[in-house]
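What follows is one structure encoded as structure tokens, with my remarks underneath.
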Amino acid sequence: MGKVQLQISRRTFLKSALAGSAGLAVAGGHAIPAVAAPEGSAEPPWFYRGQIKTTYSVCDMCPWRCGITVQSVGDRVYKIDGNPADPKSRGMLCARGQGGVSFMYDPDRLRSPMLRTGERGEGKFQEVTWPEALDAMAEKLLAIKEQYGPESVAVFGHTSGEFWFADYFAQAWGTPNAAKPSSSLCTSPREEASNLTLGFPVGGHEPVDWEGLRCLTLIGSHIGEDSRNTVMQDFAKAWGRGAKVIVVDPRFSSVAAKADYWLPIKPGTDTALLLAWINVLIAEKRYDADYIAEWADGFDKLAAHVADLTPEWAAAITELDPELIRTTARVMADSLPQSLIMPGRHVTWYGNDTQRMRAAYTVNALLGAYGREGGFYFNKSPYIEAYPHPPFAVAGSAGGCSAEPGAESAELPVGPSGKARADGARTKFLRGATAMQELIEPMITGEPYPIKALIVYGTNLLNTVPDVPRTIEALKNLDLVVAIDVLPMEHVAWADIVLPEATVLERYDELWTVAHKTPYIALREPAVEPYADTKPAWWMARELGMRVGLENYFKWETAEEYINTRLQTIGSSIEKMREEKGIIVQKGKPYFADFKGSSPFLTKTGKIELYSDELALAGQDPIPVYTPTEDPPDGFFRLLYGRHPVHTFAKTQNTPLLHELYPENELWINAGIVAAQGMKDGDRVWLENQDGARSGPVKLKATERIRPDAVFMAHGFGRNEPALTLANGKGANDAQLQTRYILDPISGGAGMRVNFVRIVKEA
Ligand SMILES: Nc1nc2c(c(=O)[nH]1)N[C@H]1C(S)=C(S)[C@@H](COP(=O)(O)OP(=O)(O)OC[C@H]3O[C@@H](n4cnc5c(=O)[nH]c(N)nc54)[C@H](O)[C@@H]3O)O[C@H]1N2
Ligand SMILES: Nc1nc2c(c(=O)[nH]1)N[C@H]1C(S)=C(S)[C@@H](COP(=O)(O)OP(=O)(O)OC[C@H]3O[C@@H](n4cnc5c(=O)[nH]c(N)nc54)[C@H](O)[C@@H]3O)O[C@H]1N2
Ligand code: SF4
Ligand SMILES: [Mo]
């Protein structure tokens, strides 16, 4: 794999940072010169070095996006805190948010636009000016459009600036082939299940009405390792208040350690458990009968469907004690309607994931949780007009867990492969946003029509998308590969053109609009000037747009002008938002009473659809059915993966402060297995998957906290890119062991827990 050859050491980085400090004035504050330390003495602490400027912004260390206050002196950021006015952060941050300064000052950052000089994948580049890089990109894009049409350009986007490329530029340019990993590799099954069942998506911020919640059930949602700030705060409060907690996870996760009941389920069998819970709630008449009579459709069919699906039936499948299944159903029902199963977030597991999510929502409906205090509130998007650009050539956003329902581009996209086809026909998937990995196929085969260019914006292509060898084949085949990133991640070595972005602390972005109990809008402003020769995404998208004939979409000259035009529609401005600590909060409609008699459910029946006609018509199960997944072959374990509390995906392993906290991942493996195989805790081993792909070496963590049929590791490690000086070569890489995935026929989400690994003791 590639090596991005950058000739910058920590020393030259510091020098260039200092050289840039003269005469910078950044919007929203004044910089005054640093107080010089006396000769020979230590530098004064940062807060004595000059006037401290506070800037309101939004964290991007993960896609949750908490509001932050950024403190800087001169051209340097020193501290990030939670913005107390922000409904997500409420004045607090997680460790990763605190690590934002370290991420920004990573000495390995990309610093200049570059053009490829060697072979693709070799990572040999020449530094060029911005006009040179953008001219080259525009020329190539126009040539590809001329020969193959605008749809032959694909855009992958994630992180906050994704809007400018995966939404704004892609739609103006006219390609439907824009995709976000936060949809098809993360939330799409839960969003589609929600659309099918309730008539609206879950939205970026799960609408759990935490304050009154009395019983929380988690299916593989590992709060604590999934360290989203707000969720950890809310969980801690609910738990402190004595809310009951039920955790279903093959692993004794951090949150399982806080639970009243832990169900160590056999991986991939959750739908059987959910159906058995439904059976108990109905058979024992413990469900909210009045609520179901008023708000649900298809109850009789559901009752008949689950009549035989008893805890004993599920016990044989899930390897759980039937009495534990029965007891937990009763515990949930005892607290209804302040009782619910939280929608997970990363729910693309086994390729039958929309049905599992529908089963979970069915339990929630039986508990009467939707629209009830202490259950789920109905979220609402904030009101603000879109920028008045001419109609886009292509409608709909690329989706994603950060795309807010009701926001400007929230029209639900239809059928991924459907969108990829020139004839616009729907194929393959019933619903769902464009599936990233489905766009890779046309890059290789040219079917149903060729994709010739790929713009990778803020997406960690070779660590994020399963089946890495196939992605590499696609990269070799393309006519143009552009990487827009901040760090020399593995895929950057495969680009023809590298555009280095300014980090979020150095730029404006589209307004962050959040569907919430109290809908709100947050502003991101730069605290300091962009580092070295980096630029913000809005600037790049505009400069590119001007070069490819899209002037009409870029009538605004600066991000401030764009943002102010939008804010004007609600009587606000950037200036006013600064006075309001960067946040505008509006009024929501959280409960039934707010709908004054009309139905909040936007399904065809206006009810919660326990039986789905749409699924029946499409030949899918109208009520969830348990479908088994393949078991690991002899000598193999199912490869499970997830989060580590101080890292985000594969993007923070090189961040100095976070690297120091957790430099390499470990392989959780059952202690009995380790002993039986003559190994011990701490041994370093290699992993080999069912297709012979290898990764490692990784340290064994021998533990009773995981079932013997599975192993678990944190995602994002085991990197092979020497330009990532801290992360390179540490631990094992889950993505490289995921050569297989199964697509969910309804949402198009890619189930990645269908890979098996065996332990190899030597390299
Ligand atoms: N194997 C495996 N695959 C997974 C997952 C997993 O657990 N295991 N998780 C899945 C899930 S839930 C999700 S949501 C996705 C996440 O998928 P990604 O968003 O692709 O994950 P990251 O590793 O955070 O990659 C972010 C990329 O953006 C770059 N970046 C960071 N800041 C900026 C910026 O300001 N501007 C620009 N232009 N680039 C920036 C980073 O350097 C990095 O290349 O991955 C999915 N894929
Ligand atoms: N620190 C940190 N926090 C994050 C992120 C991050 O990168 N770092 N990313 C954020 C994002 S975008 C997402 S999508 C979320 C993901 O966070 P979650 O949605 O919580 O993640 P999952 O990967 O679905 O869940 C992982 C858990 O599922 C368990 N599991 C595996 N297989 C099964 C199974 O078959 N059944 C059951 N019941 N459990 C199973 C695993 O043991 C593990 O504990 O985290 C968010 N929070
Ligand atoms: S959860 Fe942590 S990393 Fe994510 S946005 Fe909030 S503070 Fe930043
Ligand atoms: Mo995600």
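Arg356 contributes a side-chain N or O that, together with a main-chain N or O of Val347, makes up a donor-acceptor pair within less than 3.5 Å. Looking at His346, its side chain does come within 3.5 Å of a backbone N or O of Leu185 through a donor-acceptor pair. Without hydrogens or angle criteria, Gln736 side chain to Ala732 main chain gives no donor-acceptor distance under 3.5 Å. Judged purely by atom type and a 3.5 angstrom limit, Ser194 uses its side chain to pair as donor or acceptor with the backbone of Phe200. Of the possible donor and acceptor atoms, one in the side chain of Thr534 sits under 3.5 Å from a partner among the backbone N and O of Tyr531. Proximity of a side-chain donor or acceptor of Thr459 to a complementary backbone N or O of His158 within less than 3.5 Å is detected. The backbone N or O of Val153 lies less than 3.5 Å from a partner atom in the side chain of Thr175, making a donor-acceptor pair. Judged by distance alone, with hydrogens and angles left aside, the side-chain atoms of Glu191 form a donor-acceptor pair with the main-chain N or O of Gly203 at under 3.5 Å. Formation of a donor-acceptor pair under 3.5 Å by the Arg116 side chain with backbone atoms of Phe125 is not found in this model. When atom types are taken as modelled, the side chain of Thr187 and the backbone of Ser182 share a donor-acceptor pair closer than 3.5 angstrom.
Between the side chains of Asp744 and Thr354, at least one donor N or O sits under 3.5 Å from an acceptor N or O. Side chain to side chain, Gln171 and Tyr553 fail the donor-acceptor criterion of an N or O pair below 3.5 Å. In the model, Asn720 has no side-chain atom that pairs as donor or acceptor with a side-chain atom of Asn728 under 3.5 Å. Residues Thr159 and Glu162 have side chains that never bring a donor and an acceptor to within less than 3.5 angstrom of each other. No hydrogens or angles considered: nothing links the side chains of Asp467 and Thr739 as a donor-acceptor pair under 3.5 Å.
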Report task. Dump the intermediate steps for side chain to side chain contact (heavy atoms under 4.5 Å, CB included) on Leu480 and Leu141, then the final yes or no. Result -> CA-CA 8 Å; Leu480 174 67; Leu141 283 176; 3.8 Å; yes
request  = With side chain to side chain donor-acceptor pair (under 3.5 Å) as the test, would you mind laying out the steps for Thr655 and Asp106 before giving the verdict?
outcome  = CA-CA 6 Å; Thr655 301; Asp106 185 334; 4.9 Å; no
Check your understanding: Between Asn733 and Phe717, is a side chain to side chain contact (heavy atoms under 4.5 Å, CB included) present by the stated rule, with each step listed?
Key -> CA-CA 5 Å; Asn733 189 315; Phe717 292 83; over 6 Å; no
Exercise for the section: Please lay out, stage by stage, how Phe103 and Leu505 fare under the test side chain to side chain contact (heavy atoms under 4.5 Å, CB included). Expected result: CA-CA 10 Å; Phe103 181 81; Leu505 302 180; over 6 Å; no
Practice task
Check the pair Arg358 / Asp353 against salt bridge (Lys or Arg N to Asp or Glu O under 4.0 Å), numbers first and verdict last.
Solution key: CA-CA 9 Å; Arg358 252 178 70 73; Asp353 304 302; over 6 Å; no
Query - Pair Ile484-Met540, side chain to side chain contact (heavy atoms under 4.5 Å, CB included): steps then yes or no - result: CA-CA 9 Å; Ile484 308 175; Met540 293 181 219; 3.7 Å; yes
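Here Trp130 and Trp539 bring their ring centres to under 6.0 angstrom of each other.
Of the charged side-chain nitrogens involved, at least one lies within less than 4.0 Å of a carboxylate oxygen, so that Glu441 and Arg470 count as a salt-bridged pair. A salt bridge is defined here as a Lys NZ or Arg NE, NH1 or NH2 lying under 4.0 Å from an Asp or Glu carboxylate O, and Arg65 with Asp509 fails to meet this definition. The residues Arg345 and Asp226 are annotated as not salt-bridged, no charged nitrogen and carboxylate oxygen being separated by less than 4.0 angstrom. In summary, Lys140 and Asp479 do not engage in a salt bridge, as defined by a charged side-chain N under 4.0 Å from a carboxylate O. Salt bridge annotation for Arg109-Glu506: present, with a cationic side-chain nitrogen under 4.0 angstrom from a carboxylate oxygen. For Glu385 and Arg566, the salt-bridge test fails: no basic side-chain N is under 4.0 Å from an acidic carboxylate O. Ion pairing of Glu721 with Arg719 is absent here, as no side-chain N (NZ or NE/NH1/NH2) approaches a carboxylate O to less than 4.0 Å. Using a cut-off of 4.0 Å between Lys/Arg side-chain N and Asp/Glu carboxylate O, Glu206 and Arg190 are scored as salt-bridged.
Remark: Arg753 is positioned above the aromatic ring of Tyr641, its terminal NZ or CZ atom under 6.0 angstrom from the ring centre and at most 45 degrees off the axis. Cation-pi geometry between Arg228 and Trp64 is satisfied (NZ or CZ under 6.0 Å from the ring centre, within 45° of the ring normal). Note that Arg524 lies outside the cation-pi zone of Trp512, set by a 6.0 Å cut-off to the ring centre and a 45° limit from the axis. A cation-pi arrangement, defined by a distance under 6.0 Å to the six-membered ring centre and an angle within 45 degrees of its axis, is absent between Lys555 and Tyr387.
Using a 4.5 Å cut-off on side-chain heavy atoms (C-beta onward), Leu462 and Ile472 make contact. By the 4.5 Å heavy-atom criterion applied to side chains, Leu454 and Val456 are counted as neighbours. Residues Leu724 and Pro488 meet the side-chain proximity criterion, which asks for heavy atoms closer than 4.5 Å. Between Asp485 and Glu501 there is no side-chain heavy-atom pair separated by less than 4.5 Å. Lys124 places none of its side-chain heavy atoms less than 4.5 Å from the side chain of Glu119. Between Ile455 and Val481 the shortest side-chain heavy-atom distance does not fall below 4.5 Å. Side-chain contact check for Ile384 versus Leu511: some heavy-atom pair is nearer than 4.5 Å.
A pairwise comparison of heavy atoms in Asn177 and Glu151 identifies ND2-O, 2.8 Å as the closest pair. Minimum interatomic distance between Tyr741 and Ala750 (heavy atoms only, all atoms of both residues): CD1-CB, 3.9 Å. The heavy-atom pair separating Asn195 from Pro201 by the smallest distance is OD1-N, 3.1 Å. Looking at every heavy atom in both residues, Asp621 comes nearest to Gln355 through O-NE2, 3.0 Å. Taking every heavy atom of both residues into account, Thr648 and Cys62 meet most closely at OG1-CB, 3.7 Å. Annotation for Leu737 and Val757: closest pair CD1-CG1, 4.1 Å, computed over non-hydrogen atoms.
Between atom CD1 of residue Ile444 and atom NZ of residue Lys476 there is a gap of 10.5 Å, rounded to the nearest 0.5 Å. Interatomic distance, CD1 of Ile742 versus OG1 of Thr629, reported as 8.0 Å (0.5 Å rounding). A distance of 6.0 Å separates CG of Leu134 from CG of Leu499, quoted to the nearest 0.5 Å. Atoms CG and CE, on Asp734 and Met713 in that order, are 6.0 Å from each other to the nearest 0.5 Å. If you take NZ on Lys145 and CH2 on Trp173, they are separated by 5.0 Å, rounding to the nearest 0.5 Å. Summarising the geometry, atom NZ belonging to Lys180 is positioned 11.0 Å from atom CE belonging to Met436; distances are rounded to the nearest 0.5 Å.
Residue Glu551 qualifies as enclosed at atom CD: its count of foreign heavy atoms under 6.0 Å is above 12. The 12-atom threshold is exceeded at CD of Glu561, counting heavy atoms of other residues, nucleotides or ligands nearer than 6.0 Å.
When each of Phe163, Trp538, Phe165 is checked for a ring-ring contact (aromatic ring centres under 6.0 Å, His included) with Tyr457, only Phe165 meets the rule.
Ring orientation note: the planes of Tyr168 and Phe392 are nearly perpendicular, at an angle over 60° on the 30°/60° scale.
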